[in-house]
Q: 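Here you go, one structure.
Naming convention: chains lettered A, B, ... in sequence-line order (proteins, then strands); numbering from 1 in each chain. None of these values were measured; they are calculated from a predicted model.
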Amino acid sequence: MKRLFAVFLAFAAISCGQTKPAPIVEGRSPAEDCWTNRKHGQADAAKSCFDKLTRSADAYLRAEGFWGLGQFNDANGAFKEALARNDKSIRTRVRWGRFFLERYNTNDAGKLFEEALELDEKNAPALLGAALVGAEGFDAKAVEFADKAIASDPKLVEAQELKAHLALEDMNTAKAVEEADKAIAMSEDALDAMAIRATVELLADRSPQPWLDRMAKVNPKYSEGYARIAHHLVINRRYEDGIDYYRKAIVMDPANDAARSELGVNLMRIGQEAEARTLLEKAYENGWRDNPTVNTLRLMDSYKNFVTIEGTKSIVKLHKKEADLLKLYIPAELERAIATYEKKYKITLSGKVQVEVYPDHEDFAVRTMGMPGLGALGVTFGNVVAMDSPSGRPPAQFHWASTMWHELSHVFVLGATKHRVPRWFTEGLAVHEETAAAPDWGDRMSPPIIEAVHAKKLLPIAELDRGFIRPNYPNQVIVSYFQGGKICDYINERWGYQKLLDMMNDFAGNHPTVEVIERQLKMKPEEFDTAFLAWLDKNVGAQVNAFADWQKRMKALNGVVKDGGETDVIVTEAEALAKLFPDYVEKGSPYEIAANAYEKKGDKVKARKTLEAWANQGGREPGLIRKLADLQDEAGMQKEAAASLERLNMIYPVHDGAMHVHLGQLYTKLGNSRGAIREYEAVLAENPIDGATAHYELAKAYLGVGERGKAESNLVDALESAPGFKPAQKLLLEMNSGKKENP
Amino acid sequence: MRKLVLLAGLLPVLAHADTFYLTIAGLGGEADYEQRFQAQAKEIEKLVGASGKVTTLLGAEAKKARIEEAATEIAGKAQASDTFVLTLIGHGTFDTNTYKFNIPGPDITAAELAAVCNKIPATKQLVVNMTSASGASLAALQKPRRVVITATKSGTEKNATVFGRYWVEALRDPGADADKNESVSALEAFRYAERKTTEFYDTQKRLATEHAVIEDTGKGEGVKAPSAANGQGIAASSLAVLRMGAVQQAASDPAKRKLIAQREDLEEQIDKLKYEKAAIPSDQYRKQLQSLLLQLAKVQEELDK
């Protein structure tokens, strides 16, 4: 067999093993011709080329051949054999890594690229491979590796194309165009770069046709290019448009199961489940079994465990095991939020909003798979919202109502702007709406945010989108949410809420942030940044600057508490620390320490007032909220106690029968029979140990609203489990004697 | 036989027999556990004090010799018609062969604990073993008419348990009296504590390291959910761990006796109807049930005059 390549070995002088041997240089592989045929749409030539390789004596070439023919198990086996025969081969490692990457095994791919780089840290294809692995996870390292690959081999077109792709993901259109053009200048068949250029046009609402035509000249059926366009459209939340391009990708190449799977996942996102399932099942049957495909199919299978509750403007999907409880709270709050937003945004939604509530966080995570920087608690795809159930998280970890209002804001804003709104604005407005709904809702300023503000890590408004996609430091995503929210708070405060609506409507014209800032706020983005930072400093500067001191003093205070220190000392210091960093309302906060100390002193009034301040500041710990309600009830403040527990219903209404009983009792005392009914229904929904009392109280509440039939039915239920339950017996007798209309 | 079984869950104890409680808080090891175990023992003493005669052994007192001595004292006073409740709080160990309850001095094995219980002539007995690895003690302790509750399902569940906290809560919370007969049965207390323990791990999103079980036939495996299907729960439902409110005394007034007999008859009819619920159309069931409940309420109203 004619040798098609020569292997050159160069050895550096080795002195006592202190220098690595020079890397093996492996020449051009004949497999490259086969892949080029494929890329140019010459399917028959490619097939014949790959087929020939499968008969090679060289295991590596056989691997490439099998891979090209779609015989993946054989390909994997041949790669393994190839590496066993020549374990110094960088090319085999890199190509095997690329194979794994294509077959969605980023872990093994990453390891192979690492090994290759250990052999030769400047190997451009290995650096490119590492960049591609990073790109899968929206890791900042992807950019770093892509740059290194280009530095190592300035003619590596694929690395150049990757740079364009990454820039576009970062919403840096100008850079994306620049990098794509470099790739196109390098090579006539830089098809992925052309796809990037086409995407840029689409995102700007211009025709991509010239670029699609250029792609077609090289390969009239370049399915991967259309899938790449679709990917970017989806990243930009242009789901319908992305779906359109995934469809085109499949038409071009019906064997493109990666695109088929993505099409299914995205149809699922906008609520088109039937077609989504068909596509995903087909991809699965064809052997495409990546995590999104498998997990989405599993999730769809689990939908038989969900019940659907339809309202006037909403559809709520709840898991059977908690539907009886959550249906008492979520649908009503959703309808209230929709009505509020329709007024605020001056928009009437065309269809119903669908909210899916997942008790299993892993199911929720399936909905967000492959989407960078999305909320960990809720996500919106057009009119479909997916979110964690309050039962899906430890108590106090998230505020379900606040999250729902946040996501619902996206429904309106994405709809109003036809998904053209920049990420920072819709997230910022959604964060703003949380505290607009109730000042104690929304997330507080946490230590990672304080550290970022202190270290001046906030991004200029013109670049804020990037903070959501490819974080440069841990926590940059949550810092960006915070910053977006504060920006909208600032605009609202200085220019009024209408200005936010004006900006939203301006974004609907697909205008970039810089333009909209200048047009609507009459200032350059840089001026805005200066003004905003000055405002932010006035608002939070004191807390930020005092944080280091606060941390030291909190540590000391905790020590004093642990050692059983003097209560007066504890109270004084705890109150001072609460003033220094009022946003810190987490477990073990200074508020909690002070309240406990006051209670120990027997000063329930001050304990209550401290907890009221904590709650108003946004405290969410259920145990503390219940304690507050108890103190308020004890002080004769039933209305306030009810309000405290009602607040808890918006945070963590699950696994707390005692709370619902208490709230039911309060509503009964306050003459709010409807409220009492809801709360005792909540008690029963959790299958309580003491069902008899719950049914009895519910019976009384129904009598309170004149619903005798339901009252009697509940009395019978109470007595069914406790026939000797005297208060229920008495009420039954009274109802049957005709005396009882209202308790 | 079935009549007796059906009545078991409904009737409060009419002929008042005594209940003897022996509560033992074993070695804590660390100060935190020591304090917790002793606090639970003292709380149980306070809660059941009015329901019977209580012996509590804590700290250095909880040695094997003293335990056996306490059992002998109880044996000298108890009658066959009485009830005996043994509660174990602390750490247990299991070495694949033998369960041991950690106490000062030599630990006491499950077989030795069974011997302690066997000494006592009270026919109705309850052993609540709230320790780690307590599931391994069940086989040695089980006996006909003895209810055995363990905080863990086997000896391999070796972590400290939270079941004890909720068992004590069951004795404190009137809500544990699910059938409102003014007493908390072993079954009611078990269901309460088991449920709360499960909820504890669920809400904290932690893997449950304990699974409480109950066995009251003397020959089965412990179960988490006693029912007619697994044949467990009948003895436990008629063993009162705690009595609240006034204990009902059999009346000497013939008119009252007649009413009590009527009440018992109605309760039996209700129980029978509930037992046959699945086989009756729902509307018919509700109608019949309501009628019986109304009659029962009228009889109770007369009794309370």
Q: Need one label for Phe200(B): side chain, backbone, both or neither, based on atoms under 4.5 Å from any heavy atom in chain A.
A: neither
Q: Between Gln729(A), Arg393(A), His655(A), Glu712(A), which has the largest tally of heavy atom pairs under 4.5 Å with chain B?
A: Gln729(A)
Q: If you count heavy atoms of other groups shown closer than 6.0 angstrom to CD of Gln35(B), is the number above 12?
A: no
Q: Within the 4.5 Å heavy-atom criterion, are Lys205(B) and Gln397(A) side-chain neighbours or not?
A: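 Result no, sub-4.5 Å side-chain heavy-atom pair not found.
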Q: Evaluate the side-chain proximity of Ile689(A) to Arg191(B): yes if any heavy-atom separation is below 4.5 Å, no if none is.
A: no
Q: Hey, are Lys180(B) and Thr693(A) close enough side-chain-wise for a donor-acceptor pair under 3.5 Å?
A: yes
Q: Would you compute the distance between atom CG of Leu719(A) and atom CD1 of Ile270(B) and round it to the nearest 0.5 angstrom?
A: 8.0 Å
Q: Enter the distance from Lys726(A):NZ to Asn181(B):CG here, rounded to the nearest 0.5 Å.
A: 11.0 Å
Q: Look up atom CG in Leu732(A) and atom CD in Gln300(B), then write down how far apart they are to the nearest 0.5 Å.
A: 13.0 Å
Q: Looking only at non-hydrogen atoms, find the nearest pair between Ala722(A) and Ala178(B) and report the distance.
A: CB-O, 3.6 Å
Q: Hey, could you give me the CD/CD distance between Glu301(B) and Glu734(A), rounded to the nearest 0.5 Å?
A: 8.5 Å
Q: Answer with side chain, backbone, both or neither: which region of Asp656(A) has an atom nearer than 4.5 Å to a non-hydrogen atom of chain B?
A: neither
Q: Of the backbone (N, CA, C, O) and the side chain (C-beta and beyond), which part of Ser391(A) lies under 4.5 Å from a heavy atom of chain B, both, or neither?
A: backbone
Q: Among the options Asp304(B), Leu273(B), Leu294(B), Leu296(B), pick out the one with the most heavy-atom pairs lying under 4.5 Å from chain A.
A: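 Most heavy-atom pairs within the cutoff with chain A belong to Leu294(B).
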Q: Measure from the side-chain N and O atoms of Arg263(B) to the backbone N and O of Gly724(A), and report whether any donor-acceptor pair falls under 3.5 Å.
A: no
Q: Give me the atom names and distance for the closest heavy-atom approach of Glu720(A) to Lys274(B).
A: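 Result for this residue pair: O-NZ, 2.6 Å.
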